Amino acid sequence: MHPDGEKIVLTEEEIGKRVRAMGEEISRDYQGKEILCVGILKGAMVFLADLVRRITAPAQFDFMAVSSYGASTRTSGVVRILKDLDRGIEGRHVLIVEDIVDTGLTLNYLVENLKSRGPASLNVCAFLDKPSRRLAPVDIHYNGFTIPDEFVVGYGLDYNESYRNLPYIMVLRPEVYGKGK
Ligand code: 5GP
């Protein structure tokens, strides 16, 4: 394990097995349809890359980057779109691919925003779910793992932009937060 880690929550093997199963489930559900996977940067990049290779239905992917407006407006759930989709999604079968759903504010906003663009269908696929912190309702159609309220890194998830490349999910040691790394 990385020296900054306190414990591994999900191993590379567990992740691989679950992502394979999710890909199979999605492939069955979307038979005869073309999926447009919308990855939310940067965290969902690693998950999306693994997931799309387990999907046997026709699939395309595109990305959005968003940032929250900060702590003071957090409960409003307003997020700023830093990078929008390259193309329109009208009539498309859209699958939002997210790294983790925490308060749900980001996804709640994204779902409403993308819905207004007239997709044929819109579903959410989240690698991790932390339901104990939910502030806004989110309907997660495909959920990788449900985890307790702990700050995790790895498999795309960062702390100050670090640890995204770890192939497993781990909890950071408290000293690492203290350092303000
Ligand atoms: P929400 O709007 O659901 O509160 O925010 C979700 C976003 O918060 C995720 O996309 C992720 O960037 C960040 N986040 C929430 N929980 C964690 C966590 O445990 N670890 C990391 N690295 N990021 C998290």
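In each ligand, atom 1 is the first atom listed, and ligand 1 is the first ligand listed. Keep in mind it's a predicted model, so treat the numbers as computed, not measured. In this chain, numbering begins with 1 at the start of the sequence shown. Scope of the values below: all heavy atoms of this structure, side chains included, with no hydrogens, waters or symmetry mates.
- Near T106, meaning under 4.0 Å from one of its heavy atoms, ligand 1 places the atoms 1 (P), 2 (O), 5 (O).
- Ligand-side atoms of ligand 1 in range of V152: 18 (C), 19 (O), 20 (N), 21 (C), 22 (N), range being under 4.0 angstrom from any heavy atom.
- The closest approach between a heavy atom of Y159 and any atom of ligand 1 is not below 4.0 Å.
- Taking 4.0 Å as the cut-off between side-chain N and carboxylate O, E14 and K17 do not count as a salt-bridged pair.
- Ion pair E25/R54 not flagged as a salt bridge, since none of the NZ, NE, NH1 or NH2 atoms sits closer than 4.0 Å to an Asp/Glu carboxylate oxygen.
- For the pair G43 and ligand 1, no heavy-atom separation below 4.0 Å is found.
- The shortest N/O to N/O separation between G104 and ligand 1 falls below 3.5 Å.
- Close contacts between ligand 1 and E98 involve ligand atoms 10 (O) [criterion: under 4.0 Å to a heavy atom].
- Residue contact check: D158 has heavy atoms under 4.0 Å from atoms 21 (C), 22 (N) of ligand 1.
- Around the CZ atom of F61, the shell of radius 6.0 Å holds no more than 12 heavy atoms that belong to other residues, nucleotides or ligands.
- Put simply, part of E150 is less than 4.0 Å from ligand 1, judged by heavy atoms.
- A salt bridge links R92 with E34: the distance from a Lys NZ or Arg NE/NH1/NH2 to an Asp or Glu carboxylate oxygen falls below 4.0 Å.
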For this session: I would like to know whether L48 and F63 meet side chain to side chain contact (heavy atoms under 4.5 Å, CB included); could you show each step before the answer?
Result: CA-CA 10 Å; L48 182 131; F63 293 96; 3.9 Å; yes
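- For the ligand labelled ligand 1, residue K130 lies inside the 4.0 Å heavy-atom shell.
- In this structure, the side chain to side chain contact (heavy atoms under 4.5 Å, CB included) partners of A21, at least two apart in sequence or on a different chain, are R18.
- Proximity annotation for atom 13 (C) of ligand 1: of D102, V79, I100, I100 comes nearest, heavy atoms only.
- Following chains of ILVMFWY side-chain contacts shorter than 4.5 Å, one cannot reach F145 starting from V124, and the two form parts of different hydrophobic clusters.
- Distances shorter than 4.0 angstrom occur between a heavy atom of D99 and an atom of ligand 1.
- The number of heavy-atom neighbours closer than 6.0 Å to CZ of R117, taken from other residues, nucleotides and ligands shown, is above 12.
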